[in-house]
Number of protein chains: 2
Amino acid sequence: MAEETVVNRVQRRRAATVEEILEAAWVLAAQDGLAGLSLRHLAGRLQMRPQSLAWYFPSKNSLYDALYARGHEDFRRRLAEAGPLDVPSAARSFAAFCVENPPRYQLMTQRTVPGFVPSDSAAALARETFGAWRRALQRAGVNDRAHVDVLTALVKGLVDQQITVDPTGDRYLRHLEFVIDMFTRAVASHPPIGAA
Amino acid sequence: MAEETVVNRVQRRRAATVEEILEAAWVLAAQDGLAGLSLRHLAGRLQMRPQSLAWYFPSKNSLYDALYARGHEDFRRRLAEAGPLDVPSAARSFAAFCVENPPRYQLMTQRTVPGFVPSDSAAALARETFGAWRRALQRAGVNDRAHVDVLTALVKGLVDQQITVDPTGDRYLRHLEFVIDMFTRAVASHPPIGAA
DNA sequence: GTCTATATCCAGATAGAC
DNA sequence: GTCTATCTGGATATAGAC
């Protein structure tokens with residue numbers, strides 16, 4: 001029906017605009033800090049009035065929620081597209097994903113935006129993504145959750161220091177291979193406390 | 001001289017008030033998020049008008065700066081009082097210090113408060129504290145900076161995940177001994193990339 | 001040192017015209 | 001979908017009484 005087609009066209013247009021908004025939001029977050037995001041600045045950057053932006057995202061929280069959800073979708077897609085991974089390439093994928101967009105990393109893995117709590121649906125998405133990460137590591141031979149938690153934390157520590165202390169260099173991430181190797185050997189010989 | 005005594009008394013009184021303010025600020029930061037600190041809320045909690053609080057801290061940035069400096073002083077004192085440490089107890093000290101006051105950890109080791117940049121004097125203090133941390137590890141046998149960086153990042157990763165994902169439990173920090181052990185063995189046999 | 005009073009600026013949120 | 005208009009509130013600043 002013609003009616004259906006018009007609706008689809010409208011939806012596509014809307015989706016494209018949302019896409020533009022999210023893209024600009026990451027850029028602004030990188031400039032002004034994630035918690036410093038301003039809907040006014042964002043609107044200005046997109047050549048619209050703040051009240052027009054509100055038509056797409058009626059609150060700051062709804063924008064953060066969309067960014068949060070999108071981040072988890074992106075990492076999940078990244079994992080899926082990479083196909084089967086071994087431990088080193090899984091760790092490298094995670095680290096690369098984090099440092100390529102620091103505010104996204106911050107939003108997804110920390111709680112630094114005052115008042116922001118992911119919606120139920122976004123939180124469910126995050127759990128699915130963590131499940132995918134866990135299964136990827138499982139296929140790579142990391143079988144219990146304690147090991148997954150340890151590897152995740154170790155890579156996160158390098159990433160976080162890299163972003164905070166040396167955002168343009170490689171002072172911390174250059175030790176990634178060393179840490180991966182250390183982890184692999186340790187897991188092979190000594191199970192972590194609390195392992196299944 | 002009597003004059004001198006009055007001055008000292010005034011200074012002590014002022015220092016005590018500053019102490020109260022900082023103490024209340026940590027509490028508020030824990031409640032509302034570090035970046036969500038409000039000078040008005042803080043003043044209200046201390047039974048004073050915002051303009052009176054401004055007599056001690058004329059801007060939000062000056063408050064953050066004092067908190068930042070105080071955090072680094074506290075960790076340095078903690079290290080000094082602990083005396084000579086081995087690697088496990090140094091790592092445990094760092095981890096314990098971080099989780100006992102998450103906003104302090106966040107302010108000291110991350111960049112999540114939009115617009116906050118430590119003053120020169122506070123930054124100098126932070127460097128001194130890092131120097132003390134490095135010397136403490138050196139006395140414990142961790143001799144090159146690359147190893148210090150790796151250990152710091154590994155512990156930070158556990159701490160950060162602990163605070164973010166499981167703030168009331170021990171899901172990540174229970175692996176601290178495992179990680180320390182992994183680090184110690186790895187350093188003994190395989191120097192990190194970029195080591196001196 | 002603490003207060004009242006006030007003023008500017010910027011932010012987010014909402015109502016409603018077109 | 002986009003806009004004008006308006007409301008509320010926080011941050012910052014200044015002048016000046018007590």
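To find a chain, count down the sequence lines: A is the first, B the second, and so on, and within it residues start at 1.
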Name all residues meeting the side-chain hydrogen bond (donor to acceptor under 3.5 Å, both in side chains) criterion together with A:Asp86; count only those two or more places apart in sequence or in a different chain, and write none if there are none. A:Ser89
Residue set satisfying ring-ring contact (aromatic ring centres under 6.0 Å, His included) with B:Phe183, at least two apart, ordered chain then number -> none
For nucleotides 4-9 of chain D, list the nitrogen or oxygen atoms of the protein found under 3.5 Å from its nitrogen or oxygen atoms, one pair per line.
{"from": "D:dA5", "atom 1": "N6", "to": "A:Gln51", "atom 2": "NE2", "distance (Å)": "2.5"}

Which parts of residues 21-38 of chain B get close to DNA chain C, meaning a heavy atom less than 4.0 angstrom away? none
Which nucleotide of DNA chain C is the first, and which the last, in the 5' to 3' direction, to come under 4.0 Å of a heavy atom belonging to chain B? C:dG1 to C:dT6
Nucleic acid contacts - residues 56-66 of chain A versus DNA chain D, non-hydrogen atoms under 4.0 Å: A:Tyr56
Can you list everything that forms a side-chain hydrogen bond (donor to acceptor under 3.5 Å, both in side chains) with B:Glu19? Sequence neighbours excluded, please. B:Arg70
Scan for ring-ring contact (aromatic ring centres under 6.0 Å, His included) pairs involving residues 88-112 of chain B, sequence neighbours excluded, and state none if there are none. B:Phe75-B:Phe94, B:Phe75-B:Phe97, B:Phe94-B:Trp133
Applying side-chain hydrogen bond (donor to acceptor under 3.5 Å, both in side chains), can you list everything that pairs with B:Thr168, at least two apart in sequence or on another chain? none
The helix from C:dG1-D:dC18 to C:dC18-D:dG1: angle between end helix axes, five pairs per end, rounded to 10 degrees: 10°
Taking salt bridge (charged side-chain N to carboxylate O under 4.0 Å, His left out) as the test, write out the residues that go with B:Glu23, two or more places apart. none
Partners meeting ring-ring contact (aromatic ring centres under 6.0 Å, His included) with B:Tyr56 (sequence neighbours left out): none
In Å and rounded to the nearest 0.5 Å, what is the OG1 to CZ distance from B:Thr152 to B:Arg145? 10.5 Å
